[in-house]
Amino acid sequence: MPHGAANSPGPHSGSARRAEFEALYEHHSREIWALAYARWMDPDLAMDVTQEAFLRLWKHWERAKAGAEPSEEIQNPRAWLLRVARNLAEDYAKSAFRRNGTQPPELLNGVRSSQPMPIEMLEREELFGQLRAILDELSPADRDVLTLRYALDYDANSIAETLGVAVAAVHMRLSRARQRVADRLTEHEKQRAK
């Protein structure tokens, strides 16, 4: 995949713009997907959100290039894509498809090896299964902040920028979300022991 032919291609350099777009997709698509996945725990929906966010970026560039609408240049494409993906995930919550309960169930949690797995892997999978179930019970805001911190390894400043909140609010949200996860893990262990 071509990289970095130009950071600020001119209005008629389509191949440079395409190279820039492909580089953005290569570097940020996983992050965008993870954000959408954290919201709905659905890999197919997360891929749809990712593709739609990148499609909107491309269309924005095309409209700006054609002068079809007075739009400002996107200074930080990564932040723009994250914001669009969050908005798309929120829009999905309001859609009739979601309200009607027609979302397909999660069928597989992972691909199994053809070889037997050691007991440590089984215990780890069980813990991950509990965590996935707990994450599904949490509010979308809790899932967002935990995913950004622990799955994507963002620091508090980056999380604050992505979510559009103060750094102090990020620390408070993380603390509360971690406590809710710990409380639910304890509840699950008590239920399992019965």
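Remember, predicted model here, so these are calculated numbers, not experimental data.
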Euclidean distance, L82 CG relative to I32 CD1, rounded to 0.5 Å: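 Between I32 CD1 and L82 CG, I get 4.0 Å after rounding to 0.5 Å.
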
Hey, could you give me the CD/CG distance between E52 and D48, rounded to the nearest 0.5 Å?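 One finds 9.0 Å between CD of E52 and CG of D48.
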
Can you see which heavy atom on [X] is nearest to which on [Y], and at what distance?
X: F21; Y: W61; answer: CB-CZ3, 3.7 Å
X: R178; Y: Y150; answer: NH1-OH, 2.7 Å
X: T50; Y: W33; answer: OG1-CA, 3.1 Å
X: A36; Y: A46; answer: CB-CA, 3.7 Å
X: A85; Y: V49; answer: O-CG1, 3.7 Å

Same hydrophobic cluster for L146 and L185, using side-chain heavy-atom links shorter than 4.5 Å among ILVMFWY? yes

Are the side chain of R143 and the backbone N or O of A38 linked by a donor-acceptor pair below 3.5 Å? yes

Do you see a donor-acceptor pair shorter than 3.5 Å between the side chains of D155 and S158?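 Checked: D155/S158 side chains pair up, N/O donor to acceptor below 3.5 Å.
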
Return yes if a side-chain donor-acceptor contact under 3.5 Å exists between D183 and Q179, otherwise no. yes

Is [X] salt-bridged to [Y], going by a charged N under 4.0 Å from an acidic O?
X: R173; Y: D142; value: no
X: R18; Y: E22; value: yes
X: E20; Y: R17; value: yes
X: D153; Y: R149; value: yes

How about R30: does its CZ atom have over 12 heavy atoms from other parts shown lying under 6.0 Å from it? no

